[in-house]
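This report refers to the structure that appears directly beneath it.
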Number of protein chains: 2
Amino acid sequence: MKEKLREHIERLVSLTDDEFADVFSHFKIDTFKKQDFLFHKGARVNYAYFVASGLLMLVHNDESGKQHIVSFAMEDWWETDFLAFYTQTKATMSLQCLEDTTVFCILLEDYQELCARLPKMNHFFLVKSNFGHIGSQQRILSFLTSNAKERYEQLLQRYPSLIQRVPKTLLASYLGVSRETLSRLYA
Amino acid sequence: MKEKLREHIERLVSLTDDEFADVFSHFKIDTFKKQDFLFHKGARVNYAYFVASGLLMLVHNDESGKQHIVSFAMEDWWETDFLAFYTQTKATMSLQCLEDTTVFCILLEDYQELCARLPKMNHFFLVKSNFGHIGSQQRILSFLTSNAKERYEQLLQRYPSLIQRVPKTLLASYLGVSRETLSRLYA
DNA sequence: ATCAGATTGTGATATTTGTCACGCAGGGAA
DNA sequence: TTCCCTGCGTGACAAATATCACAATCTGAT
């Protein structure tokens, strides 16, 4: 399990055994059951999470009670309410399990301490953040350029496994369409 | 002009005169006229740009000839086609001036060299990237939760000056609606 | 001053998508 | 088994938005 995180980091920066032990000592391991919440909207967001196994969704609940999925987080993904985490403010979104899930958790102060002390980790997180930014930008682009059907096809191409693992209602909520419309797309 | 970049960086990390001189020596200053392109789709993206004055837009042109604005970049913003820049691949978008603009340009290798050598700058760029990611995520959220009118009002609130500086057609293209629909919103 | 082009508003209509309502199938739990 | 709940499809209709067409105004360049 521990090795999963190491492999993930070493895809970008190589670490000695000692360095990885150092890094790893800042993480806490935690497991959750399907449907559990890692945190709720309104709560303090203590951790950023690395998904070792399982599946999460980052959800925003609007005033009218509708649920919008900002992001899914599969194995090897980092997830949290980044705004709340970085600025230590209350979560505006909730993070919930779609499957039984194991995560590695890191506190903001440990994240910052690692970055300050280990240039390799600062670099690692910088690259991760850059690509997170790029990913979001491409999702924006898909809202700008594509209709519901095209967005669904792009999702299918990009994350084929999601379609098996997640109920269509949630896929619809991620794509920004009603479940009825989504259901009519593949006809 | 130079001071603009320094103040911008020092909002996050403090630099000695020598340190700033070091940092600044890696930038090239450049000016563009309204309508000029900093780079075109398909071109190599040599630089990331810091906007000292003026206004840019990051534009995607789809197959059917429509233009979609992924982002505006005002004073104090960093902009480029980040995917093309980081991975040194061809631009999928174009970066164009909406006003006469002055930018500071940095090559990828200089960006990486600064990050590797100056922890302060690595930290600076990490924070910038994190907030860039957060900003994109909130734009996604606004597509998920809001209709055209609400998105327009959010834009108005967030960047009131844009409404004066940019033709409505471009605002519409940023918001993901037709210009006609946008025009009917404030009635 | 004049002209060409850009910008904006608006009517008429088509298309896309949402909402509400209903039925059906499958999976657990008692 | 029986029952409830969730997921999923689909019909009918409403609402949001796009598209096409045209006119008016403004702007910049000659």
Side-chain angles (χ1 to χ4, degrees), chain A residues 33-37 55 57 59-69 72 96-100 139-156 161-187, chain B residues 32-37 54-55 57 59-69 72 96-100 139-156 161-187:
Chain A
K33 292 259 168 210
K34 185 171 173 171
Q35 305 282 14
D36 283 355
F37 283 84
L55 181 60
M57 61 175 179
V59 179
H60 175 88
N61 291 95
D62 68 19
E63 322 73 42
S64 65
K66 272 180 242 157
Q67 170 174 265
H68 306 276
I69 299 187
F72 293 108
Q96 188 177 12
C97 293
L98 295 175
E99 303 174 353
D100 293 356
R139 180 129 168 254
I140 289 169
L141 200 51
S142 121
F143 275 110
L144 290 176
T145 62
S146 309
N147 60 23
K149 176 159 200 171
E150 292 163 338
R151 293 206 300 280
Y152 176 69
E153 281 158 3
Q154 290 160 17
L155 179 65
L156 212 87
S161 74
L162 267 190
I163 279 73
Q164 325 300 330
R165 294 165 79 177
V166 176
K168 314 280 174 161
T169 307
L170 297 181
L171 291 183
S173 163
Y174 175 86
L175 291 171
V177 294
S178 68
R179 83 173 179 81
E180 292 93 335
T181 297
L182 178 63
S183 163
R184 283 184 253 258
L185 290 182
Y186 33 85
Chain B
F32 295 89
K33 293 258 167 211
K34 185 170 173 172
Q35 306 283 11
D36 282 355
F37 283 83
L55 182 60
M57 62 176 180
V59 180
H60 176 89
N61 290 96
D62 68 19
E63 322 72 43
S64 64
K66 273 180 241 157
Q67 173 175 261
H68 306 276
I69 297 187
F72 292 109
Q96 188 177 12
C97 294
L98 296 175
E99 304 173 354
D100 294 356
R139 179 127 171 256
I140 289 169
L141 200 51
S142 120
F143 276 110
L144 290 176
T145 61
S146 309
N147 60 24
K149 176 160 200 170
E150 292 162 338
R151 292 206 301 280
Y152 176 68
E153 280 157 3
Q154 289 160 19
L155 178 64
L156 212 88
S161 73
L162 267 190
I163 280 75
Q164 325 302 330
R165 295 166 77 178
V166 176
K168 314 281 174 164
T169 307
L170 296 181
L171 291 183
S173 162
Y174 175 86
L175 291 170
V177 295
S178 68
R179 81 171 181 83
E180 292 93 335
T181 296
L182 178 62
S183 164
R184 285 183 251 257
L185 290 182
Y186 35 85

Subject >> T181(B) and R184(B), any side-chain heavy atoms less than 4.5 Å apart >> reply: no
**OP:** Find the distance K34(B):NZ to dT27(D):P and express it as a whole number of Å.
**Re:** 11 Å
Original post:
Over how many whole Å does the gap from Q35(B) atom CD to dG5(C) atom C1' extend?
Top reply: 12 Å
Original post:
Does the side chain of T145(A) reach to within under 4.5 Å of the side chain of K66(B), using non-hydrogen atoms?
Top reply: no
Original post:
So do the side chains of L171(B) and F72(B) get within less than 4.5 Å of each other, counting heavy atoms only?
Top reply: yes
**OP:** Heavy atoms under 4.0 Å is the rule here; annotate nucleotides 12-30 of chain C 5' to 3' with B where the base is hit, S where only the sugar-phosphate is, and - elsewhere.
**Re:** B----SBBBB---------
Subject >> Between P of dT7(C) and CG of L171(B), the distance in whole Å >> reply: 12 Å
Original post:
Can you find a heavy atom in the side chain of M57(A) that is under 4.5 Å from one in the side chain of V166(A)?
Top reply: no
**OP:** Decide yes or no for D62(B) and L144(A): does some side-chain heavy atom of the first lie under 4.5 Å from some side-chain heavy atom of the second?
**Re:** no
**OP:** Rounded off to whole Å, could you give me the NZ-to-P distance for the K168(B) and dT8(C) pair?
**Re:** 6 Å
Original post:
Should the ring pair H60(B) and H68(B) be called parallel, tilted or perpendicular, given that the plane angle runs from 0 to 90° and is split at 30 and 60?
Top reply: tilted
Original post:
Within this structure, what is the CD-to-P distance between E150(A) and dA18(D), rounded to whole angstrom?
Top reply: 14 Å
Original post:
L175(B) has an atom CG; how far is it from atom P of dA16(D), in whole Å?
Top reply: 17 Å
